[in-house]
Engineer: 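Sharing a structure, written as structure tokens. Questions coming.
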Amino acid sequence: MESADIRSVHLRDVTLDDLPTMYEFNLDPAANRLAMTIERDAANFATHWRKVLADPSIVVKAICIGEELVGQITCFPLGDKHFVGYWLGQAFWGRGIATRALKLLLHQVTHRPLYAHAATSNEASLRVLQKCGFVVQKVELTPADARNLECEEALLILA
């Protein structure tokens, strides 16, 4: 795909048929470096996404251009807060797709405040969130765990 008309970006429900493509996105070393995450192996990936898709408290949408799956975006509860997160295939970075997808999600999810985490080194993700009205609330060092690398991370809020 040479260039996407940003107006053609749309969201739809994620299906089990989307998981193989989403798994491939999960394996991208560059994406994991930016997000400061560790890719999931096939079994953990499948287990995670089956739980996500079965949980009615999580809004999870496929990001598409036409019929092509280019990423996913979610809104999920964590403790007493609701967070957003997104992941695009690397071939679709830098085109405004994540910003458009987040704006579309924010029209569907009216709960406020919403929160997001982003590694401070991930300037592109911070820009996406700020373009959509999120403001950095604090920055802190986040320790490593089974999914995430230790990093300086911003907590952003959309009031």
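Just so it is clear, the structure is predicted and the values come from calculations on it, not from any experiment.
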Engineer: For a 4.5 angstrom cut-off between non-hydrogen side-chain atoms, does Trp87 reach Thr37?
Structural biologist: yes
Engineer: Can you tell me how far the CD atom of Glu39 sits from the CG atom of Asp28, to the nearest 0.5 Å?
Structural biologist: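 Here the interatomic distance stands at 10.0 Å.
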Engineer: With a 4.5 Å cut-off on side-chain heavy-atom distances among I, L, V, M, F, W and Y, is there a chain of contacts connecting Ile58 to Leu53?
Structural biologist: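 Linked within one cluster.
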Engineer: Give me the atom names and distance for the closest heavy-atom approach of Ala159 to Pro113.
Structural biologist: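 Taking Ala159 first and Pro113 second, the nearest heavy atoms are CA-CB, 4.2 Å.
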Engineer: So which atom in Trp49 and which in Leu19 form the shortest heavy-atom distance, rounded to 0.1 Å?
Structural biologist: CB-CD2, 3.6 Å
Engineer: Quick check: do Leu78 and Lys81 have side-chain heavy atoms less than 4.5 Å from each other?
Structural biologist: no
Engineer: Suppose the criterion is salt bridge (charged side-chain N to carboxylate O under 4.0 Å, His left out): which pairs have a residue in residues 128-151, not counting sequence neighbours?
Structural biologist: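 Listed by first then second residue: Lys138-Glu140.
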Engineer: Measure the spacing between CD of Gln72 and CG of Asn26 and express it to the nearest 0.5 Å.
Structural biologist: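 It comes to 10.0 Å.
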Engineer: Could you grab the distance from atom CG of Leu27 to atom CZ of Arg40, nearest 0.5 Å is fine?
Structural biologist: 11.5 Å
Engineer: For a quick test of reading the model, state the closest non-hydrogen atom pair linking Lys61 to Val14 and the distance between them.
Structural biologist: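 Closest pair (atom of Lys61, atom of Val14, distance): C-CG2, 3.5 Å.
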Engineer: Look up atom CG in Leu156 and atom CG in Leu126, then write down how far apart they are to the nearest 0.5 Å.
Structural biologist: 6.0 Å
Engineer: Holding to ring pair (Phe, Tyr, Trp, His ring centres under 6.0 Å), I want the full list of residues that pass it with Phe25, two or more places apart in sequence or in another chain.
Structural biologist: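 Residues passing ring pair (Phe, Tyr, Trp, His ring centres under 6.0 Å) with Phe25: none at all.
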Engineer: Classify the ring geometry between Tyr115 and Phe83 as parallel (under 30°), tilted (30 to 60°) or perpendicular (over 60°).
Structural biologist: tilted
Engineer: Check whether more than 12 heavy atoms from other residues, nucleotides or ligands sit under 6.0 Å from atom CD of Glu123, and answer yes or no.
Structural biologist: no
Engineer: For a quick test of reading the model, state the closest non-hydrogen atom pair linking Ala118 to Leu129 and the distance between them.
Structural biologist: CB-CD1, 4.2 Å
Engineer: Could you check whether any side-chain heavy atom of Ile73 comes within less than 4.5 Å of a side-chain heavy atom of Gln108, counting everything from C-beta outward?
Structural biologist: no
Engineer: So which pairs with a foot in residues 120-153 pass ring pair (Phe, Tyr, Trp, His ring centres under 6.0 Å), sequence neighbours left out?
Structural biologist: none
Engineer: What distance do Leu106 atom CG and Leu158 atom CG have between them, rounded to the nearest 0.5 Å?
Structural biologist: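 One gets 6.0 Å once the value is rounded to the nearest 0.5 Å.
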Engineer: Within the 4.5 Å heavy-atom criterion, are Val139 and Glu153 side-chain neighbours or not?
Structural biologist: no
Engineer: Could you walk me through whether Val128 and Tyr86 pass the side chain to side chain contact (heavy atoms under 4.5 Å, CB included) test, one step at a time?
Structural biologist: CA-CA 10 Å; Val128 167; Tyr86 43 85; 3.6 Å; yes
Engineer: Can you find a heavy atom in the side chain of Cys75 that is under 4.5 Å from one in the side chain of Val60?
Structural biologist: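 Answer no - side chains too far apart.
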Engineer: If I compare all heavy atoms of Ile6 with all of Arg95, which pair ends up nearest, and what's the gap?
Structural biologist: CD1-O, 3.4 Å
Engineer: What residues, two or more places apart in sequence or in another chain, satisfy ring pair (Phe, Tyr, Trp, His ring centres under 6.0 Å) together with His48?
Structural biologist: none
Engineer: Would you say the side chain of Phe76 lies within less than 4.5 Å of the side chain of Val52, judging by non-hydrogen atoms?
Structural biologist: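 Answer no - side chains too far apart.
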Engineer: Mind listing the closest non-hydrogen atom pair of Pro56 and Ala54 along with its distance?
Structural biologist: CD-O, 3.2 Å
Engineer: Under 4.5 Å between side-chain heavy atoms, hopping through other hydrophobics if needed: is there a path connecting Ile38 to Met36?
Structural biologist: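 In one cluster with Ile38: Met36, yes.
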Engineer: Hey, could you give me the CG/CG distance between Leu11 and Leu104, rounded to the nearest 0.5 Å?
Structural biologist: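 It is 5.0 Å, given to the nearest 0.5 Å.
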Engineer: Can you name the residues that form a side-chain contact (heavy atoms from CB on, under 4.5 Å) with Asp17, not counting sequence neighbours?
Structural biologist: Thr15
Engineer: Without swapping roles, check the side chain of His10 against the backbone of Gly66 for a donor-acceptor pair under 3.5 Å.
Structural biologist: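 Yes: the side chain of His10 pairs with the backbone of Gly66.
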Engineer: Do Thr99 and Leu102 have side chains that approach each other closer than 4.5 Å (heavy atoms only, starting at C-beta)?
Structural biologist: no
Engineer: Please list, chain by chain and in numerical order, all residues satisfying side-chain contact (heavy atoms from CB on, under 4.5 Å) with Ala43, sequence neighbours excluded.
Structural biologist: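 Per chain and number, Ala43 pairs via side-chain contact (heavy atoms from CB on, under 4.5 Å) with Asp41.
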Engineer: Is there side-chain contact between Val136 and Gln130, with heavy atoms separated by less than 4.5 Å?
Structural biologist: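 Yes, at least one pair of side-chain atoms sits under 4.5 Å.
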